[in-house]
Structure formats: C-alpha cells, structure tokens
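Values below: every heavy atom of this structure, side chains too, minus hydrogens, waters and symmetry copies. A quick note: this is a predicted structure, and the numbers were derived from the prediction, not measured. Note that ligands are numbered from 1 as they come in the structure, with each ligand's atoms numbered from 1 the same way.
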Amino acid sequence: MLDKQSPIPIYIQIEEQLKQQIQQGDFPIGTTIPSERELTERFDVSRMTVRQAITNLVNDGLLYREKGRGTFVASPKVEQPLNGLTSFTEDMMARGMVPSSKMINFEILEPESDISAALQLAQGDEVYFVERIRFADDKPMAIERTYLPVKQFPDLHQDSFKGSLYAMIEKDQQLTISRATQRMEAGLVKKEDADLLQIKPPAAILMIERISYLAGEMPFEVVRSTYRADRYKFTTDIQR
Ligand code: 16G
C-alpha cells in the first residue's frame with residue numbers, strides 16, 4: 001500500500017490514503033479512525049510517522065482530537081463562494097442546512113471613528129450594535145458584530161434582528177442592497193470568542209469585515225465576522 005522507494009515521504013503517503021478513506025466514507029463523520037497502534041501495524045511504520053500524518057489531517061480540519069477519547073472524523077467544511085453578495089441565512093439554506101442566530105448583545109451607541117467613517121456618519125450619529133452567534137444545524141459557525149446607522153433605520157429594536165437581517169432590510173424596509181466590499185484576514189481566536197464558538201484556543205479563525213451599500217451608494221452596515229476556520233472554506237472564480 002505504501003511505496004517506500006518513492007520520493008514522496010511516507011507520512012504524506014499515509015496522509016493521502018487516510019484522506020481518501022475519509023472522503024469515500026470508510027470512516028463516517030463523527031466516528032473514530034483506527035488507533036495509532038493499529039495504523040502503525042497496518043502500514044508497518046513507526047508511531048512517529050503515523051502521528052505526523054494524523055497531525056496534518058487534524059491541522060487541515062479533516063480530523064479532530066478529543067482529549068482522552070481519540071481522533072474523530074470532522075464534518076466537511078462549508079464551501080462559501082465569495083462572488084455573490086448573499087446573507088448567512090441564504091448561504092445555509094442553499095446547502096440544506098437550518099440557519100439560526102443567538103443574540104448576545106444589542107446596544108445603541110456612538111461608534112469608533114473607523115465605523116463612523118465607513119458608514120459616512122456625522123459626529124454624534126448613533127448605530128445599532130448587534131452581536132450574534134450564527135449557527136448552521138445548531139452548530140456555531142461564526143460571530144457577527146454588526147453596526148447599522150440609526151438614522152437609516154430609525155425604528156429597529158432587538159427583535160428586528162431575530163431572523164435574517166437582509167430579509168428585514170429588503171422585505172420589511174423595502175430597500176435594495178446593491179454591493180459590498182470585503183476584507184479577509186486569518187488569526188487566532190480570542191478567549192471570549194472561543195467560548196462562543198465552542199472551540200479550544202489556540203484555534204485558527206477567519207476574520208471578515210464587510211461594508212455593504214444600498215442602491216445609491218449608501219453604506220448601511222459594517223459587519224466584523226469571526227468564522228471558525230475548521231468549518232469554512234472560501235472559494236472565488238477568477239478570470240484572466
Ligand atoms: C453574512 C454577511 C454579513 C451580513 C449577514 C446577513 C459575510 C462575511 N457577512 O453573514 O455581512 O450581515 O450575512 O445575514 O458574508 P442574515 O440576513 O442571515 O442576517
């Protein structure tokens with residue numbers, strides 16, 4: 001099964017074989033993979049080599065470790081195209097997953113200058129600041145920290161953010177969302193966010209800041225989102 005003469009390192013060959021077995025469903029999601037000892041025997045290699053292969057698969061998000069319990073097969077990541085301007089609710093529904101949110105904070109405040117500049121606010125203008133944990137099939141996917149200008153949406157209250165924000169804007173407010181700019185960065189999760197996302201630090205996250213505009217180039221939201229890097233994969237179509 002392994003080619004010991006190959007220039008491809010043995011741990012990578014093992015990694016590839018395990019990856020194939022995971023992808024073809026030999027080890028179903030949420031089940032344990034064979035123990036290090038079994039794999040050591042099966043491949044006739046050292047425990048170190050097996051461990052290296054498994055660590056790489058854990059780092060790639062195909063497997064996860066639970067202390068004292070073993071190594072399990074992870075759910076495949078959500079593949080999120082970056083080409084269209086869609087909402088979390090639309091994205092999850094398009095995949096047959098059930099979206100939900102938990103609001104952890106709702107305030108009206110005067111924002112920092114960067115938010116205020118992005119939303120083209122005047123001095124003293126206030127924003128709704130909404131913090132929501134977003135879930136797909138009850139699993140935490142992201143934390144969204146959203147700023148919306150009060151003067152644009154004078155009558156909102158906590159319950160206005162219970163469902164889809166974009167549906168509220170388009171259906172209830174009858175406004176047209178036209179475009180957004182986005183920035184993405186990688187990082188390590190902060191302690192407080194780790195608890196909300198149910199991950200253990202150190203863990204990788206993807207941070208996205210979106211500034212979205214209504215028709216007429218009117219900025220209406222700044223959203224700072226923290227995505228679980230083990231649950232998300234972003235894709236784009238590019239042309240030359
Ligand atoms: C997405 C957007 C976020 C928007 C939200 C609305 C990114 C990075 N963020 O999560 O800016 O506010 O969708 O979702 O894509 P909703 O309509 O389900 O509330």
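- When hydrogens are left out, the protein atom nearest atom 10 (O) of ligand 1 is Glu144 OE2, 2.4 Å; that is the closest non-hydrogen contact.
- In this view, Glu192 satisfies the salt bridge (Lys or Arg N to Asp or Glu O under 4.0 Å) rule with no residue, not counting sequence neighbours.
- Of all atoms in ligand 1, listed by their number and element, those nearer than 4.0 Å to a heavy atom of Arg134 are 14 (O), 16 (P), 18 (O), 19 (O).
- Inclusion of Ser164 in the set of residues having an N or O under 3.5 Å from an N or O of ligand 1 is warranted.
- At the shortest separation from atom 18 (O) of ligand 1 among protein heavy atoms lies Thr89 OG1, 2.4 Å.
- Every atom of ligand 1 is numbered from 1 in the order shown, and the set under 4.0 Å from a heavy atom of Leu165 is 12 (O), 16 (P), 17 (O), 19 (O).
- Side-chain rings of Tyr128 and Tyr147 stay apart, their centers remaining 6.0 Å or farther from each other.
- Taking OG1 of Thr226 as the reference point, atom NZ of Lys190 lies at 7.0 Å (rounded to 0.5 Å).
- When non-hydrogen atoms are compared, ligand 1 lies under 4.0 Å from the side chain of Tyr227 (C-beta onward) but not from its backbone.
- Nearest non-hydrogen protein atom to atom 12 (O) of ligand 1 is Glu221 OE1, 2.9 Å.
- The existence of a salt bridge linking Asp137 and Lys139 is excluded, since no basic side-chain nitrogen approaches an acidic carboxylate oxygen closer than 4.0 Å.
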Please assess Met103 against Val130 for the test side chain to side chain contact (heavy atoms under 4.5 Å, CB included), listing each intermediate value before the final yes or no. CA-CA 7 Å; Met103 189 177 296; Val130 188; 4.0 Å; yes
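- Side-chain contact annotation: Thr55 with Gln52, donor-acceptor N/O pair under 3.5 Å absent.
- For Arg37 and Glu41, the salt-bridge test passes: some basic side-chain N is under 4.0 Å from an acidic carboxylate O.
- Look at Met168 and you'll find every heavy atom at least 4.0 Å from all atoms of ligand 1.
- Note: an N/O pair closer than 3.5 Å links Arg132 and ligand 1 by distance alone.
- Between Phe88 and ligand 1, at least one N/O pair is under 3.5 Å apart.
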Return all side-chain donor-acceptor pairs below 3.5 angstrom for residues 110-127, not counting sequence neighbours, or 'none' if the list is empty.
from   : atom 1 : to     : atom 2 : distance (Å)
Asp114 : OD2    : Arg224 : NH2    : 2.9
Asp125 : OD2    : Ala122 : N      : 2.8
Asp125 : OD2    : Lys151 : NZ     : 2.9

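- The nearest protein atom to atom 15 (O) of ligand 1, hydrogens excluded, is given as Arg210 NH2, 2.7 Å; this is a heavy-atom distance.
- The contact set between ligand 1 and Gln182, taken as ligand atoms under 4.0 Å from a residue heavy atom, comprises 7 (C), 8 (C), 15 (O).
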